[in-house]
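Below is one structure, written out as structure tokens; comments come after it.
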Amino acid sequence: MDISITITLVVYNISKKISLDNNKKWGGLFLPEHRDRLQEWLFAQEDVPRPILSADQLDELNHALHRHLMDHRPVTVSFYRDKRIQQLQGILHSCDVQTRVLVVYDSDYEAVHLKLGDVVSITE
């Protein structure tokens with residue numbers, strides 16, 4: 001077993017036993033700054049790099065955008081925000097090319113503004 005995997009497993013096992021409410025059993029093992037840094041490190045392990053779409057993917061996204069703006073049917077928009085790929089279900093309302101903003105009405109019929117550069121895919 002690789003040493004980095006072993007260290008990761010040990011840190012992960014220890015961090016599972018540490019809770020944010022200062023578990024008495026493990027609370028004295030770490031300084032608060034260390035515990036906070038360890039939590040940040042664990043959350044950072046789930047970070048996703050910004051996807052770079054190919055020309056074909058951009059063309060497919062453009063066709064889906066035009067098609068669903070005309071249909072007004074519910075779609076799922078996948079977009080990149082806060083180092084994660086997130087999904088939003090709703091109806092495409094408008095797309096402003098100059099400001100590069102896509103307006104989607106979610107299930108509560110509230111307008112959600114997405115940057116076109118953050119949109120990864122649009123599916124039914």
Side-chain angles (χ1 to χ4, degrees):
M1 182 179 272
D2 188 9
I3 191 165
S4 64
I5 294 172
T6 305
I7 292 171
T8 303
L9 290 174
V10 169
V11 169
Y12 179 73
N13 288 335
I14 291 172
S15 66
K16 282 177 60 178
K17 295 174 183 170
I18 298 172
S19 65
L20 294 176
D21 61 352
N22 291 331
N23 188 339
K24 290 181 181 170
K25 181 176 181 182
W26 294 96
L29 185 61
F30 293 105
L31 293 173
E33 299 85 24
H34 295 160
R35 185 176 50 249
D36 294 342
R37 185 68 179 138
L38 183 60
Q39 290 291 336
E40 290 174 12
W41 180 78
L42 287 172
F43 290 135
Q45 296 302 307
E46 298 173 3
D47 289 351
V48 175
R50 179 182 291 276
I52 299 172
L53 301 179
S54 67
D56 291 337
Q57 291 171 320
L58 288 173
D59 192 41
E60 189 176 308
L61 184 63
N62 189 33
H63 287 304
L65 181 63
H66 286 286
R67 184 174 62 245
H68 293 298
L69 277 171
M70 302 292 243
D71 291 348
H72 296 290
R73 293 192 316 207
V75 294
T76 302
V77 180
S78 299
F79 59 97
Y80 182 81
R81 183 178 289 167
D82 299 329
K83 299 181 182 179
R84 306 275 191 274
I85 301 292
Q86 301 179 9
Q87 293 186 338
L88 171 68
Q89 293 183 345
I91 298 172
L92 300 184
H93 179 262
S94 63
C95 178
D96 188 354
V97 179
Q98 287 186 337
T99 60
R100 301 185 51 79
V101 172
L102 176 65
V103 179
V104 181
Y105 282 115
D106 63 4
S107 58
D108 297 331
Y109 205 68
E110 292 185 22
V112 178
H113 299 267
L114 302 173
K115 294 179 186 176
L116 281 177
D118 292 343
V119 176
V120 176
S121 68
I122 300 173
T123 57
E124 289 186 42

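- Hydrophobic clustering (ILVMFWY, side-chain heavy atoms < 4.5 Å, transitive): V77 and V48 are in one cluster.
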Exercise for review: Please lay out, stage by stage, how L88 and L114 fare under the test side-chain contact (heavy atoms from CB on, under 4.5 Å).
Suggested key: CA-CA 10 Å; L88 171 68; L114 302 173; 4.3 Å; yes
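- The two residues I85 and P51 come nearest to each other via the heavy atoms CD1-CG, 3.9 Å.
- Sorted by first and then second residue, the pairs that involve residues 103-120 and meet salt bridge (Lys or Arg N to Asp or Glu O under 4.0 Å), not counting sequence neighbours, are R50-D118.
- Every residue meeting the side chain to side chain contact (heavy atoms under 4.5 Å, CB included) condition with T76, not counting sequence neighbours, appears here in chain and number order: Q87, Q89, T123.
- For the ring-ring contact (aromatic ring centres under 6.0 Å, His included) condition, the pairs that include at least one residue of residues 83-124, sequence neighbours left out, are H93-Y105, Y105-Y109.
- Within 6.0 Å of CZ in R37 there are 12 or fewer heavy atoms belonging to other residues, nucleotides or ligands.
- For E60, there are no side chain to side chain contact (heavy atoms under 4.5 Å, CB included) partners at least two apart in sequence or on another chain.
- The two residues L102 and S94 have their closest heavy-atom pair at CD1-O, 3.4 Å.
- Qualifying side chain to side chain contact (heavy atoms under 4.5 Å, CB included) partners for L69, counting only residues two or more places apart in sequence or in other chains: L65, L92, C95.
- Every pair tested for ring-ring contact (aromatic ring centres under 6.0 Å, His included) that includes a residue from residues 56-90 fails, sequence neighbours excluded, so the list is empty.
- Linking ILVMFWY side-chain heavy atoms closer than 4.5 Å, directly or via other members, places V120 and L61 in a single hydrophobic cluster.
- Summarising the geometry of L116 relative to D96, their closest heavy-atom pair is CD1-O, 4.5 Å, with the distance given to 0.1 Å.
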